Amino acid sequence: MLTENDIRINLENIENRIKAACERAGRNRNEVELIAVSKNNPADCVRSAYNCGITTFGENRVQEMTGKMEVLEMPLNWHLIGHLQTNKVKYIIGKTKLIHSVDSVKLAKVISEESVKAGIVTDILLEVNVADEESKFGLKPEEVEAAAVEAAVLKGVHICGLMTVAPYTEDPEKSRPIFKQLKELSVDIGRKNIDNISMSVLSMGMTGDFEVAVEEGATHIRVGTGIFGARDYSI
Ligand SMILES: *Cc1c(COP(=O)(O)O)cnc(C)c1O
């Protein structure tokens, strides 16, 4: 587990790299939101990052996220970024700022039903498996528009954009075509002006490739290891 000082140094480094990527792309720094991915790191790491000015955190498992919510008293924005099972939806409704990982219309329906019950509308992204990897969750690019149209009529969700996880690679340039494709897809769907669908959010880029993602138009980047160090999978 890293100390608060280590986390502060890492955050400064990430921040400088985000700024440089924004400059290269002619974008404003405030167009990109950094989500600190705290999965497999204890709540104390979240506290350390909060002390360094971070208020937005990402988790990929419901139980881990709600566990941290219970022990942390600060006002934090939680984003769910990992695969969500329909039977777990009820535990997070009203507690997440944005669900990035909606990979089926069925899941969107359950999120909507639970949200309607709670009297709220939940912001969601559709997860796209751009590279069509067997091991990954997400809609195929060619399925996304139809899924968006089907989910758009649901009363309890608002579709805010798209999310992808690029295939693992040592070379961030290999992610560029993936990010370009997600951006194109979001522009194509956005142009159709479908009711209850906005394509303002593009969640892409992780520790290994967030600079490329920023250059290609990411509005939300999800950085874990680069902030908190290597994850401990025993917790
Ligand atoms: C773990 C995870 C991240 C962060 O990955 P790092 O490589 O540690 O930055 C981002 N997005 C998703 C969906 C994740 O599961």
Side-chain angles (χ1 to χ4, degrees), residues 1-2 6-7 9-18 21 32-43 45-46 48-49 52 54 56-68 77-85 88 92 96-104 107 123-139 144 160-176 178-179 182 201-235:
M1 188 181 125
L2 298 190
D6 294 331
I7 290 174
I9 291 166
N10 285 346
L11 279 167
E12 278 167 13
N13 170 277
I14 301 282
E15 183 56 39
N16 288 336
R17 290 164 61 193
I18 297 171
V32 181
E33 182 162 5
L34 171 63
I35 299 170
V37 177
S38 48
K39 70 180 189 208
N40 293 94
N41 279 288
C45 290
V46 173
S48 297
C52 301
I54 300 293
T56 301
F57 294 88
E59 286 285 339
N60 69 341
R61 286 184 303 173
V62 166
Q63 216 176 348
E64 191 174 344
M65 186 171 78
T66 54
K68 283 175 194 166
N77 294 319
W78 291 99
H79 290 232
L80 190 79
I81 61 173
H83 179 64
L84 176 58
Q85 288 167 287
K88 301 233 169 109
I92 58 160
T96 48
K97 183 89 192 300
L98 184 62
I99 301 175
H100 292 231
S101 40
V102 177
D103 51 12
S104 68
L107 177 58
D123 285 339
I124 64 168
L125 304 180
L126 298 178
E127 178 171 359
V128 188
N129 185 354
V130 177
D132 205 2
E133 286 178 283
E134 284 282 343
S135 59
K136 288 237 171 79
F137 291 103
L139 296 154
V144 178
C160 302
L162 305 178
M163 177 272 218
T164 199
V165 179
Y168 179 77
T169 162
E170 296 281 329
D171 175 10
E173 282 303 322
K174 294 222 168 88
S175 301
R176 194 180 295 278
I178 304 287
F179 297 153
L182 192 72
V201 173
L202 213 49
S203 168
M204 57 190 197
M206 315 188 352
T207 297
D209 55 18
F210 70 86
E211 290 151 296
V212 173
V214 168
E215 289 168 14
E216 296 303 331
T219 65
H220 291 60
I221 57 174
R222 310 175 307 263
V223 179
T225 318
I227 298 172
F228 298 109
R231 282 182 282 275
D232 179 357
Y233 286 101
S234 64
I235 59 170

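Atoms within each ligand, like the ligands themselves, are counted from 1 in listed order. In this text, all values refer to a predicted model and were calculated from it rather than measured experimentally.
Taking the ring-ring contact (aromatic ring centres under 6.0 Å, His included) definition, one finds that Phe57 meets it with Trp78, sequence neighbours left out. For the salt bridge (charged side-chain N to carboxylate O under 4.0 Å, His left out) test, residues two or more places apart in sequence or in another chain that qualify with Glu216 are Arg176, Lys180.
Taking each of Met163, His100, Arg222 in turn, the one with a heavy atom nearest to atom 4 (C) of ligand 1 proves to be Arg222.
If you look at Val165 next to ligand 1, the close heavy atoms, those under 4.0 Å, all belong to the side chain.
Counting only heavy atoms of the protein, atom 12 (C) of ligand 1 lies nearest to Ile81 CD1, 3.5 Å. Ranking protein heavy atoms by distance to atom 5 (O) of ligand 1, first place goes to Met206 CE, 3.5 Å. Here the heavy atom of the protein found nearest to atom 2 (C) of ligand 1 is Lys39 NZ, 2.5 Å.
Ligand 1 has an N or O atom lying under 3.5 Å from an N or O atom of Gly224, backbone or side chain.
Those atoms of ligand 1 with a heavy atom of Thr207 less than 4.0 angstrom away are 6 (P), 7 (O), 8 (O), 9 (O). Taking every non-hydrogen atom of Thr225 and a distance limit under 4.0 Å, the qualifying atoms of ligand 1 come out as 6 (P), 7 (O), 8 (O), 9 (O). Counting the atoms of ligand 1 from 1 in the order shown, those under 4.0 Å from a heavy atom of Val223 are 9 (O).
Here the options are Thr207, Leu34, Ile54, the test is side-chain contact (heavy atoms from CB on, under 4.5 Å), and the partner is Ile227; only Leu34 passes.
No side-chain donor-acceptor contact under 3.5 Å links Thr56 to the backbone of Asn77. In this structure, Asn16 contributes its side chain and Asn13 its backbone to no donor-acceptor pair below 3.5 Å. Lys68 contributes a side-chain N or O that, together with a main-chain N or O of Ser38, makes up a donor-acceptor pair within less than 3.5 Å. A donor-acceptor contact shorter than 3.5 Å is absent between the side chain of Arg17 and the backbone of Glu211.
Using a 4.0 Å heavy-atom cutoff, Arg231 is listed among the residues neighbouring ligand 1.
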